[in-house]
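All of these numbers come straight from a predicted model, not from anything done at the bench.
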Amino acid sequence: RVVKAVADICDSTAGLLLVPDNIGRLRIGARWNWGKEDLPVRLLSDATLASFAATGYIIDLDDVRGEKGAPKGFDDLPNWVLNDTRAWVMMPFLHFGSLVGLAILARPRIARALDWEDLDMLRVAGAQAASYLAEARGQEALAESQRFDEFNRRFAFIMHDIKNLVSQLSLLTRNAERHADNPEFRADMIDTLRASVGKMNDMLARLSQHHKGKASAPMTQSLAPIIEDAVREKSRLHPITIAAPRRVEGFVDAGRVGGILAHLLQNAIDASAPDAPIEVRLGTR
């Protein structure tokens, strides 16, 4: 839209929009009627970019190819622009003295030279387009920052899950050396390993980019069994007691509530002395 809006002012038939990348060089941001041919990786030199940023000149490429030559500071315009006979005008977009984009416009169907009215109109349009480009870049940076924040939050939960599994398996390994001959221990060990493998598979499924699963639908159910399941796993690591009447119900997703409670219990275990019991209380208000 930016390229076409600027091109329509001077009846240009095509255009390129070049925008800065993360290291300050220009890349192709958009094409309008220009074709798909490859262009050099380094589109413009640093000196040329600095000249556009400092002067805001709108360059008539026909003048550069002719007797007038290039304006001062633009002596190293790239050959890929000068050799392409479609290229007619190079127009920078400046926002508070910073180059946020540059348009290369194709010549109109009826050849003509730019007059002062064209240049004034292009400068005004360029300033307006620059503000939109700068706003778009700011929105992209904000969206990227929000994606990183979301990743960090998800990774924190994953670290909790991994830490819980490591704690269970570490305890299982230590006890296996002493109780491997006990049939009851072996049965409990198999149940623990099966549950750990199931949790790891669930975690891998959530991390997979092809995972399309949805959380279980919340339903009204007793909260005491959910608490008892979470405490049963953690009580192998630390003394934990429960004060949970059976009559308390909630409209919840049992899997998610159990995971949250497991995280809270692990935090409590980490913050408590080995001989300090943890109590989980369930009630209503």
Do you know the tightest heavy-atom contact between [X] and [Y]?
X      : Y      : result
Val81  : Ala87  : O-CB, 3.7 Å
Leu223 : Glu249 : CG-C, 4.0 Å
Ala230 : Gly258 : CB-O, 4.3 Å
Ala7   : Trp32  : CB-CZ3, 3.6 Å
Leu43  : Trp80  : O-NE1, 2.8 Å
Ser235 : Ile240 : N-CD1, 4.0 Å

So how far is it from [X] [atom1] to [Y] [atom2], rounded to the nearest 0.5 Å?
X      : Y      : atom1 : atom2 : answer
Leu133 : His95  : CG    : NE2   : 10.0 Å
Leu44  : Ile104 : CG    : CD1   : 6.5 Å
Asn33  : Leu16  : CG    : CG    : 10.5 Å
Asp62  : Arg112 : CG    : CZ    : 12.0 Å
Asp75  : Ser51  : CG    : OG    : 8.5 Å
Leu119 : Glu117 : CG    : CD    : 10.0 Å

Should [X] and [Y] count as side-chain neighbours, where that means a heavy-atom distance under 4.5 Å?
X      : Y      : answer
Val252 : Ile226 : yes
Arg27  : Val19  : yes
Trp88  : Leu61  : no
Met189 : Leu193 : yes
Met90  : Leu77  : yes
Pro218 : Arg256 : no
Cys10  : Val89  : no
Leu99  : Pro20  : no

Is [X] reaching over with its side chain to a backbone N or O of [Y], donor-acceptor style, under 3.5 angstrom?
X      : Y      : result
Asp118 : Asp115 : yes
His238 : Ala276 : yes
Arg31  : Gly35  : yes

Return yes when atom [atom1] of [X] has more than 12 non-hydrogen atoms of other residues, nucleotides or ligands closer than 6.0 Å, and no otherwise.
X      : atom1 : answer
Glu184 : CD    : no
Met200 : CE    : yes
Tyr57  : OH    : no

Asp60/Lys68 salt bridge by N-O under 4.0 Å criterion: no
Go through the steps for Val64 and Phe74 under the test side-chain contact (heavy atoms from CB on, under 4.5 Å), then give the verdict. CA-CA 9 Å; Val64 178; Phe74 296 92; over 6 Å; no
Cluster check [X], [Y]: I/L/V/M/F/W/Y, side chain < 4.5 angstrom:
X      : Y      : result
Leu102 : Leu82  : yes
Val6   : Ile58  : yes
Val197 : Leu172 : no
Ile260 : Val280 : no
Leu114 : Ile9   : yes

Criterion side-chain contact (heavy atoms from CB on, under 4.5 Å) against Trp34, the qualifying member of Leu105, Val3, Asp84: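 Passing option: Asp84.
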Listing request: all side chain to side chain donor-acceptor pair (under 3.5 Å) pairs with a residue in residues 2-13, at least two apart in sequence or in separate chains. Lys4-Asp8
Using the side-chain contact (heavy atoms from CB on, under 4.5 Å) rule, take Ile28 and Leu17 through it: C-alpha gap first, then chi angles, then the decisive distance, then the call. CA-CA 6 Å; Ile28 298 175; Leu17 175 63; over 6 Å; no
